Protein chains: 2
Amino acid sequence: MLPYEHFGYIGAMTDSPNDVTPDRLRKADALPPSDQHAQQYAAVRNAHETELLEDYVELIADLLEHQGEARSTDIAARMGVSQATVSKTVTRLKSLGLVSSKPYRSLFLTEKGEAMAAMSHQRHAIVLQFLRALGVNDRTARIDAEGMEHHVSQETLEIMQRYTREQGGRDA
Amino acid sequence: MLPYEHFGYIGAMTDSPNDVTPDRLRKADALPPSDQHAQQYAAVRNAHETELLEDYVELIADLLEHQGEARSTDIAARMGVSQATVSKTVTRLKSLGLVSSKPYRSLFLTEKGEAMAAMSHQRHAIVLQFLRALGVNDRTARIDAEGMEHHVSQETLEIMQRYTREQGGRDA
DNA sequence: GCTACAAGTTAACCTTGGCTAAAATACTGT
DNA sequence: ACAGTATTTTAGCCAAGGTTAACTTGTAGC
Ligand SMILES: [Mn+2]
Ligand SMILES: [Mn+2]
Ligand SMILES: [Mn+2]
Ligand SMILES: [Mn+2]
């Protein structure tokens, strides 16, 4: 079921055999101090806690804007999961005060939900536009952005934005 | 417990009020076709399935290289989780044929585990070096790379690598 | 106004990835 | 050699995010 039964990638871009990497690059390979290292992983676990919620509220906002309402069938279709899964996640979103709805009716965002959706949307757009500006194919850029967006710091976001702005004028 | 109780970010970089965005940029905001959208999310769910395994084998390889052995105490400290958690995850890694060890002894990678570690390490390095080349602070770059690495396509990796190579000579 | 179908919910189940507390094993110093 | 400490494993717990199957509710057509 899992991949990694076979590896085609390595070797193609492995460090060249006669390695001439200067030391300033090589020594960066050492492990970071243990506590800093732990903070890296903690940040990732943290991002994973809100990731799905962000995608949901963002999608709900998009549906409200582009289709007028956010039905859980549409969410299920767009997320590629069952309606039961959507139902359960929506329950969680409601209990977190991000979404409101009456049973068997369309979904809405609370103030808090809208704020989260706006932030997520903005961040998503910055990452997507950056990837396109870098030269990544639109289809691929959308896939990568969907995952990357949740792991990009404020600092990096700003740099991406600057790059896109400067690069944007060049061609596109 | 979860964030998003308060938002400081928005407004700082929201689309400017008197918006002059040309149409070619604006219309990209439309939702992608439903099935393509679903594939985006599926790709993310997919990445999440192997993410932790990749981080583990990568860390084990690093420990073997830099400390001579990979003890689960060290893994627990570096990952910032309890030893019980490491023990359970290692059981899973073994059942997947990525790690081998005798009970109460140090850990080793199988062939398959080493292949996965090498790939993961390489990808991780490309992303990290790219972020640094972009101008992201090392500490931040490490945090972002730890999460981003699992969501970067081959295509994007190659572009990142090229950028780092070209930009690398400029300053640094 | 019924009937049929679409949409939404609920129940029961599974895996992953965390935790704490307790038990088992290994290691170290005297 | 063995006492005490450090390490590893196990057991029992929990939440998130997924599934299918069965049930409920809403809605459109006739
Ligand atoms: Mn998003
Ligand atoms: Mn996303
Ligand atoms: Mn990694
Ligand atoms: Mn990682």
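Quick note on labels: first sequence line is chain A, next is B, and so on, each numbered from 1. For clarity, every value in this text was computed on a predicted model and none was experimentally measured. Hydrogens, waters and symmetry mates play no part in the numbers below; they use all other heavy atoms, side chains included.
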Margin query: Heavy atoms only, 4.0 Å cut-off, all strands: where does Ser87(B) land among base, sugar-phosphate and nothing?
Written below: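 Base contact.
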Margin query: What's Ser82(B) touching, base or sugar-phosphate or nothing? Going by heavy atoms closer than 4.0 Å.
Written below: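 Touches a base.
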Notebook entry, point to check: In Å and rounded to the nearest 0.5 Å, what is the CD to NE2 distance from Glu146(B) to His151(A)?
Noted result: 10.0 Å
Checklist line | Nearest-0.5 Å distance that lies between atom CD1 in Ile60(A) and atom CD1 in Ile75(A) | finding: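 Ile60(A) CD1 to Ile75(A) CD1: 4.5 Å, rounded to 0.5 Å.
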Notebook entry, point to check: Looking at the side chain of Arg71(A), which of dT9(D), dT19(D), dA7(C) is the nearest nucleotide?
Noted result: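 Of dT9(D), dT19(D), dA7(C), dA7(C) is nearest to the side chain of Arg71(A).
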Note to self: Using the side-chain heavy atoms of Lys88(A), tell me which of these nucleotides is nearest: dT24(D), dG18(D), dA21(D).
What the structure shows: dG18(D)
Euclidean distance, atom [atom1] of residue [X] to atom [atom2] of [N] [Å, nearest integer]:
X	N	atom1	atom2	value
His48(A)	dG17(C)	NE2	C1'	12 Å
Asn46(B)	dT16(C)	CG	C1'	15 Å
Ile75(B)	dT9(D)	CD1	P	10 Å
Leu96(A)	dA15(D)	CG	P	13 Å
Lys102(A)	dG26(D)	NZ	P	12 Å
Met79(B)	dG17(C)	CE	C1'	10 Å
Leu93(B)	dG17(C)	CG	P	9 Å
Tyr104(A)	dT10(C)	OH	P	6 Å

Please tell me if [X] has a side-chain N or O lying less than 4.0 Å from either OP1 or OP2 of [N].
X	N	answer
Thr85(B)	dC19(C)	yes
Thr91(B)	dT9(D)	no
Arg92(B)	dG17(C)	yes
Arg45(B)	dG17(D)	no
Ser72(A)	dG8(C)	yes

Item checked: Atom NE2 of His121(B): over 12 foreign heavy atoms under 6.0 Å ->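 No, the 6.0 Å shell around NE2 holds no more than 12 heavy atoms from other groups.
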Next item on the list: Consider only side-chain heavy atoms of I, L, V, M, F, W and Y, link residues closer than 4.5 Å, and tell whether Leu131(A) and Ile143(A) are in one cluster.
Entry: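 No, it is not one cluster - the side chains of Leu131(A) and Ile143(A) are not joined through contacts under 4.5 Å.
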Checklist line | Smallest separation among heavy atoms of Met79(B) and Tyr56(B), with atom names | finding: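 Minimum heavy-atom separation between Met79(B) and Tyr56(B): CE-CE1, 3.3 Å.
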Notebook entry, point to check: Taking for each residue the nucleotide of DNA chain D with the nearest heavy atom, is it Gln83(A) or Ser101(B) whose nucleotide lies nearer the 5' end?
Noted result: Ser101(B)
Check: When you match Arg105(A) and Leu52(A) each to their closest nucleotide on DNA chain D, which lands nearer the 5' end?
Finding: Leu52(A)
